[in-house]
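Contents: one structure, followed by commentary.
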Amino acid sequence: MSRAADRLRLVMGHVDRSPSSITCEQTSAQAFTSNQPQRLRYSYDTGLLSPQQRLFYEENGFILVRNLVSDGDIERFRKEFERICRQEVKVPGLVVMRDVAIAKSEFVQDQKAVSKLQDFQEDPELFRYCSLPEILKYVECFTGPNIMAMHTMLINKPPDAGKKTSRHPLHQDLHYFPFRPTDRIVCAWTAMEKVTRQNGCLVVLPGTHKSTLQEHDYPEWEGGVNKMYHGVRNYDPDHPRVYVEMEKGDTVFFHPLLIHGSGMNQTKGFRKAISCHYASSDCYYIDVKGTTQENIENEVSQIAEKKYGMGDVSFMDTWAIRGRLVQGERISM
Ligand SMILES: CCCC(=O)SCCNC(=O)CCNC(=O)[C@H](O)C(C)(C)COP(=O)(O)OP(=O)(O)OC[C@H]1O[C@@H](n2cnc3c(N)ncnc32)[C@H](O)[C@@H]1OP(=O)(O)O
Ligand SMILES: Nc1ncnc2c1ncn2[C@@H]1O[C@H](COP(=O)(O)OP(=O)(O)OP(=O)(O)O)[C@@H](O)[C@H]1O
Ligand SMILES: O=C(O)CCC(=O)C(=O)O
Ligand SMILES: [Fe+2]
Ligand SMILES: [Mg+2]
């Protein structure tokens with residue numbers, strides 16, 4: 001970790017221990033592969049997942065767990081979201097994003113304009129989601145026992161303003177992440193209400209987690225694209241698509257190479273989901289210079305320098321600052 005990151009920690013009042021960023025790949029291999037069947041590379045047997053679930057993840061790159069988060073918890077997340085929209089709480093580091101079609105119009109910027117909260121790790125009520133035992137027991141099957149919450153979002157997909165900007169292009173989340181190993185990263189995404197094709201549920205291309213990280217860039221959409229919504233440049237348009245329709249509280253766990261996105265919201269309601277990307281705390285940071293991730297690195301660093309009001313914020317630092325330990329021990333992240 002660089003000095004810039006240390007300074008940022010001070011700015012954000014964050015005092016977690018974080019040793020130097022780089023460790024060797026062996027650490028994670030040794031920590032987790034003992035008595036794991038070699039055939040299943042994507043998950044561990046903790047006694048929770050059935051053989052069918054493990055095989056499904058192996059083949060498809062995601063699993064759907066029905067009714068995992070209680071209505072009571074979801075109600076609390078919704079209430080907190082509304083308090084944030086009304087600006088009754090100020091959360092350090094939080095990014096409040098508006099849909100580009102609304103941000104660039106003359107609309108009154110009220111709470112309805114909020115399409116996404118990002119980086120809510122300093123909001124204790126929303127961050128409770130990331131520490132829910134029912135979520136973590138599944139996460140552990142993919143990350144192992146030492147778990148960092150790396151990236152947090154509450155997505156409030158707005159009714160489409162008529163330009164299809166409510167869509168999220170097909171992408172692999174790993175494009176955003178300068179840490180590895182890939183298979184020790186997982187996303188938990190919980191529907192805060194019924195999500196259907198109509199209101200823009202997740203769309204996944206099953207099995208694409210077995211491929212490599214693809215080149216990403218802004219899709220060429222006439223109506224505009226939201227900031228940082230990069231899409232996979234070339235994907236097979238004939239690849240089967242699964243529309244993951246879910247009830248409130250249902251949770252999907254998916255691999256960071258799984259190609260996914262979401263269609264436009266054709267309803268009048270704001271489609272809500274809460275999610276967290278987790279990584280094993282003995283993952284290590286990589287330098288993405290010269291790789292396909294360099295374009296997102298440049299964008300993130302520019303925004304981070306503005307956000308934290310200082311120069312010299314590396315891509316790696318932006319992640320080390322946001323990551324929070326949620327289980328076990330903080331090792332190299
Ligand atoms: C696994 C991870 C996957 C992902 O994370 S994918 C999504 C990644 N998205 C993000 O990280 C969120 C990015 N958004 C942000 O950082 C902020 O919302 C953003 C774009 C910097 C704007 O924030 P602020 O600066 O507070 O907003 P502002 O109202 O002052 O606007 C400043 C300029 O930005 C523009 N803007 C605002 N929202 C936008 C949007 N959604 N898309 C594109 N441009 C947008 C806005 O029009 C304004 O532009 P201008 O300076 O007037 O030309
Ligand atoms: N050129 C593209 N690059 C990347 N992603 C794309 C591209 N075109 C469409 N998508 C994405 O593909 C996913 C599914 O597309 P699909 O066409 O099914 O959605 P839609 O057109 O919004 O809704 P529907 O087809 O259900 O009416 C969405 O995430 C969408 O944003
Ligand atoms: O909730 C959605 O529409 C998907 C969001 C997503 O995939 C992302 O932000 O990485
Ligand atoms: Fe994503
Ligand atoms: Mg379509």
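Index from 1, following the sequence. Counting starts at 1 for both ligands and their atoms, following the listed order.
- Side-chain N or O atoms of Y129 include none that pairs as donor or acceptor with a backbone N or O of I135 at under 3.5 Å.
- A chain of hydrophobic side-chain contacts below 4.5 Å, direct or via other Ile, Leu, Val, Met, Phe, Trp or Tyr residues, connects M228 to V288.
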query = Between K164 and E222, is a salt bridge (charged side-chain N to carboxylate O under 4.0 Å, His left out) present by the stated rule, with each step listed?
reply = CA-CA 9 Å; K164 299 194 177 181; E222 279 173 28; over 6 Å; no
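- Ring geometry for H168 against Y229 counts as parallel: the plane angle stays under 30°, on a 0 to 90° scale with 60° as the upper cut.
- M153 and V95 are assigned to two separate hydrophobic clusters, defined by single-linkage of ILVMFWY side chains at heavy-atom distances under 4.5 Å.
- Looking at I296, V100, V95, it is V100 that brings a heavy atom closest to atom 44 (N) of ligand 1.
- In terms of modelled atom types and a separation under 3.5 Å, the side chain of H209 and the main chain of Y57 share a donor-acceptor contact.
- V139 and L48 fall within the same hydrophobic cluster, defined by Ile, Leu, Val, Met, Phe, Trp and Tyr side-chain heavy atoms under 4.5 Å apart, directly or through other members.
- Taking distance alone, with nitrogen or oxygen atoms compared against 3.5 Å, W189 approaches ligand 3 more closely than that limit.
- Taking a cutoff of 4.0 Å between a charged side-chain nitrogen and a carboxylate oxygen, E193 and K248 do not qualify as a salt bridge.
- Which parts of ligand 3 touch H260 is read off a 4.0 Å heavy-atom cut-off, strictly below it: atoms 7 (O).
- Nearest-heavy-atom check against atom 41 (N) of ligand 1 across R98, H230, K227 picks out R98.
- Of all atoms in ligand 1, numbered sequentially from 1 with element shown, those under 4.0 Å from a heavy atom of Y229 are 7 (C).
- Near D173, meaning under 4.0 Å from any of its heavy atoms, are these atoms of ligand 1: 1 (C).
- H230 and H175 have tilted rings, their planes meeting at an angle from 30° to 60° on a 0 to 90° scale.
- The existence of a salt bridge linking K194 and E245 is excluded, since no basic side-chain nitrogen approaches an acidic carboxylate oxygen closer than 4.0 Å.
- Remark: ligand 1 atoms within the under-4.0 Å shell around heavy atoms of N226 are 40 (C), 41 (N), 42 (N).
- Evaluation of the side-chain hydrogen bond (donor to acceptor under 3.5 Å, both in side chains) rule for T267 yields N265 as partners, not counting sequence neighbours.
- Set against the non-hydrogen atoms of M228, the atoms of ligand 1 under 4.0 Å away are 6 (S), 8 (C), 9 (N), 10 (C), 11 (O), 13 (C).
- The two atoms that bring S314 and S301 nearest to each other are C-OG, 4.3 Å, heavy atoms only.
- Note: F315 and W319 have perpendicular aromatic rings, judged against thresholds of 30 and 60 degrees for the angle between ring planes.
- Of all atoms in ligand 1, numbered sequentially from 1 with element shown, those under 4.0 Å from a heavy atom of H277 are 1 (C).
- Scanning all heavy atoms of the two residues, the minimum distance from Q172 to T208 falls at NE2-O, 4.4 Å.
- Within the 4.0 Å heavy-atom cutoff, H171 does not count among the residues contacting ligand 1.
- Of all the heavy atoms of Q118, the ones lying under 4.0 Å from any atom of ligand 1 belong exclusively to the side chain.
- For atom 5 (C) of ligand 3, the nearest protein heavy atom (residue, atom name, distance) is H168 ND1, 3.7 Å.
- Within ligand 3, counting atoms from 1 as listed, the ones closer than 4.0 Å to a heavy atom of R271 are 1 (O), 2 (C), 3 (O).
- The contact set between ligand 3 and M153, taken as ligand atoms under 4.0 Å from a residue heavy atom, comprises 8 (C), 9 (O), 10 (O).
- Excluding waters, the set of protein N/O/S atoms under 2.8 Å from the Fe ion (ligand 4) reads H171 NE2, D173 OD1, H260 NE2.
- Nearest protein neighbour of atom 4 (C) of ligand 3, counting heavy atoms only, is L202 CD2, 3.6 Å.
- Nearest heavy-atom pair, K157 versus G200, reported as atom, atom and distance to 0.1 Å: CE-O, 3.4 Å.
- Not one N or O of H277 is nearer than 3.5 Å to an N or O of ligand 3, by distance alone.
- Taking every heavy atom of S262 and a limit of under 4.0 angstrom, the matching atoms of ligand 3 come to 2 (C), 3 (O).
- With a 4.0 Å cut-off on non-hydrogen atoms, K307 does not touch ligand 1 at all.
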